[in-house]
K.L.:
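Structure provided below as structure tokens; questions to follow.
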There are 2 protein chains.
Amino acid sequence: MQHGYDAARMRSIAERAEINKGLLHYYFKSKEALLVEVFGETFSKLFLTIQNVTEEDGNLFDMIGKVVDVYIEFMMDNPQLPTFIIQELNRDPERHIQRMKKASFKFPFVGLDKAMNQAQEDGLVNPEVNSRHFILNLISMTLFPFVAAKMVGFMFKLNDKQYKQFLRERKKEITRTLIASIQA
Amino acid sequence: MQHGYDAARMRSIAERAEINKGLLHYYFKSKEALLVEVFGETFSKLFLTIQNVTEEDGNLFDMIGKVVDVYIEFMMDNPQLPTFIIQELNRDPERHIQRMKKASFKFPFVGLDKAMNQAQEDGLVNPEVNSRHFILNLISMTLFPFVAAKMVGFMFKLNDKQYKQFLRERKKEITRTLIASIQA
DNA sequence: GTCTATATTCAGATAGAC
DNA sequence: GTCTATCTGAATATAGAC
């Protein structure tokens with residue numbers, strides 16, 4: 001996850017696991033097979049985290065804050081995760097998409113989507129708001145600062161500690177932005 | 001740019017340039033040296049594009065729409081560019097940051113930052129809005145759909161043509177969202 | 001400048017002793 | 001299951017003819 005598939009070395013992985021290179025192959029057969037395991041686990045973990053939050057509550061405005069909060073906290077615990085997934089999907093898109101279809105992964109934001117429709121029916125949200133763009137805005141503002149951490153840190157001249165603080169501030173910033181953008 | 005440094009092959013590059021592998025080394029010495037050229041050009045191109053727009057006009061609200069428009073158009077012409085840059089920065093952060101400092105690259109959104117400060121002084125924009133978060137919101141909503149194109153396309157069940165259309169719609173969506181988020 | 005042929009290095013993978 | 005030693009292939013890089 002740290003280096004991505006192509007730059008990762010079976011030797012380094014074995015070293016870090018404090019086992020032999022041969023043994024690593026004994027357990028996982030090939031580098032590809034190891035990747036499949038790691039990617040599968042990583043991906044489910046991420047999707048399940050989202051799904052849990054969006055299924056809990058019915059109120060859109062509460063849900064937005066919760067999703068952003070959980071999402072950012074999760075990423076701060078696993079900062080290399082989004083980059084890893086994106087890199088992988090770009091490396092071999094067809095393979096991963098086939099695999100996701102097979103595992104019948106479904107859109108993890110269904111709960112949020114439903115809450116949005118309900119709020120629009122109730123007249124609480126601007127009916128012109130498109131829920132796809134809204135959800136993509138949420139994901140973008142949340143994930144991008146992790147994917148591009150190095151660049152953003154450089155642009156804003158923030159060291160690692162300051163960057164973490166910046167990300168914590170971002171929770172309420174993103175929530176505020178999203179809510180302002182859907183006000184009826 | 002298509003495959004990233006680690007997965008790119010000197011052989012394939014030579015083939016696509018319709019020259020010999022040896023000749024490729026004759027011109028660029030090493031794979032690393034070739035990367036430095038490509039990354040440098042790519043990076044300047046991107047930054048200059050932004051800088052041009054934010055230097056033109058003084059009015060914040062006009063500028064937001066323009067920046068988003070130019071940014072998205074540019075990315076639609078160079079869709080692999082953001083992924084390439086992000087991948088590279090993650091591959092060898094120190095090296096690239098040193099290089100950027102040396103080339104005295106400066107924050108390309110200064111113009112936008114200034115316009116924001118001015119608008120806040122003039123009482124046109126909510127004084128509590130933090131311009132860093134605002135700018136990062138703009139960048140995130142614009143770039144993320146390119147970086148994660150495969151994943152988003154899969155989630156929303158859009159083929160390539162539909163995805164392009166979706167990105168075009170996004171221009172006004174992003175602009176609308178940003179303006180709503182700073183309203184005084 | 002441009003090519004062919006070759007050197008070098010190193011990764012992933014396997015064989016086989018224990 | 002765990003290790004050492006080895007195989008094989010591939011990728012970058014160089015040497016040298018033309």
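The analysis underlying the following values was restricted to heavy atoms, covering all of them including side chains, and did not include hydrogens, waters or symmetry mates. So that the names make sense, note that chain A is the first sequence line, chain B the second, and so on, each numbered from 1.
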K.L.:
Is it true that B:Arg9 and B:Glu15 make a salt bridge, defined as a side-chain N closer than 4.0 Å to a carboxylate O?
P.N.:
no
K.L.:
Nearest to the A:Arg9 side chain among C:dT4, D:dT12, C:dG12, which nucleotide is it?
P.N.:
C:dG12
K.L.:
Given D:dG1, C:dA11, C:dT14, identify the nucleotide with an atom nearest to the side chain of A:Leu23.
P.N.:
D:dG1
K.L.:
Could you give the NZ-to-P distance, from B:Lys21 to C:dT6, as a whole number of Å?
P.N.:
13 Å
K.L.:
Closer than 4.0 angstrom, basic N to acidic O: yes or no for B:Glu173 and B:Arg170?
P.N.:
no
K.L.:
Would you call A:Glu169 and B:Arg132 a salt bridge, taking side-chain N to carboxylate O under 4.0 Å as the test?
P.N.:
no
K.L.:
Can you tell me how the ring of B:Phe144 sits relative to the ring of A:Phe144, calling it parallel under 30°, perpendicular over 60° and tilted otherwise?
P.N.:
perpendicular
K.L.:
Judged by modelled atom types alone, do B:Gln165 and B:Arg168 share a side-chain donor-acceptor pair under 3.5 Å?
P.N.:
yes
K.L.:
Please work out which residues in residues 30-40 of chain A have a non-hydrogen atom less than 4.0 Å from an atom of DNA chain C and list them by number.
P.N.:
A:Ser30, A:Lys31
K.L.:
What's the closest nucleotide to the side chain of B:Ile19 if the choices are D:dG1, C:dC3, C:dG12?
P.N.:
C:dC3
K.L.:
Which nucleotide wins on minimum distance to the side chain of A:Tyr27, given the candidates D:dG1, C:dG12, D:dT14?
P.N.:
D:dG1
K.L.:
For the side chain of A:Tyr26, counting heavy atoms from C-beta on, which of D:dG1, C:dA13, D:dA11 is nearest?
P.N.:
D:dG1
K.L.:
For the atom pair CG (B:Asn117) and CG (B:Asp122), what is the distance rounded to the nearest 0.5 Å?
P.N.:
10.5 Å
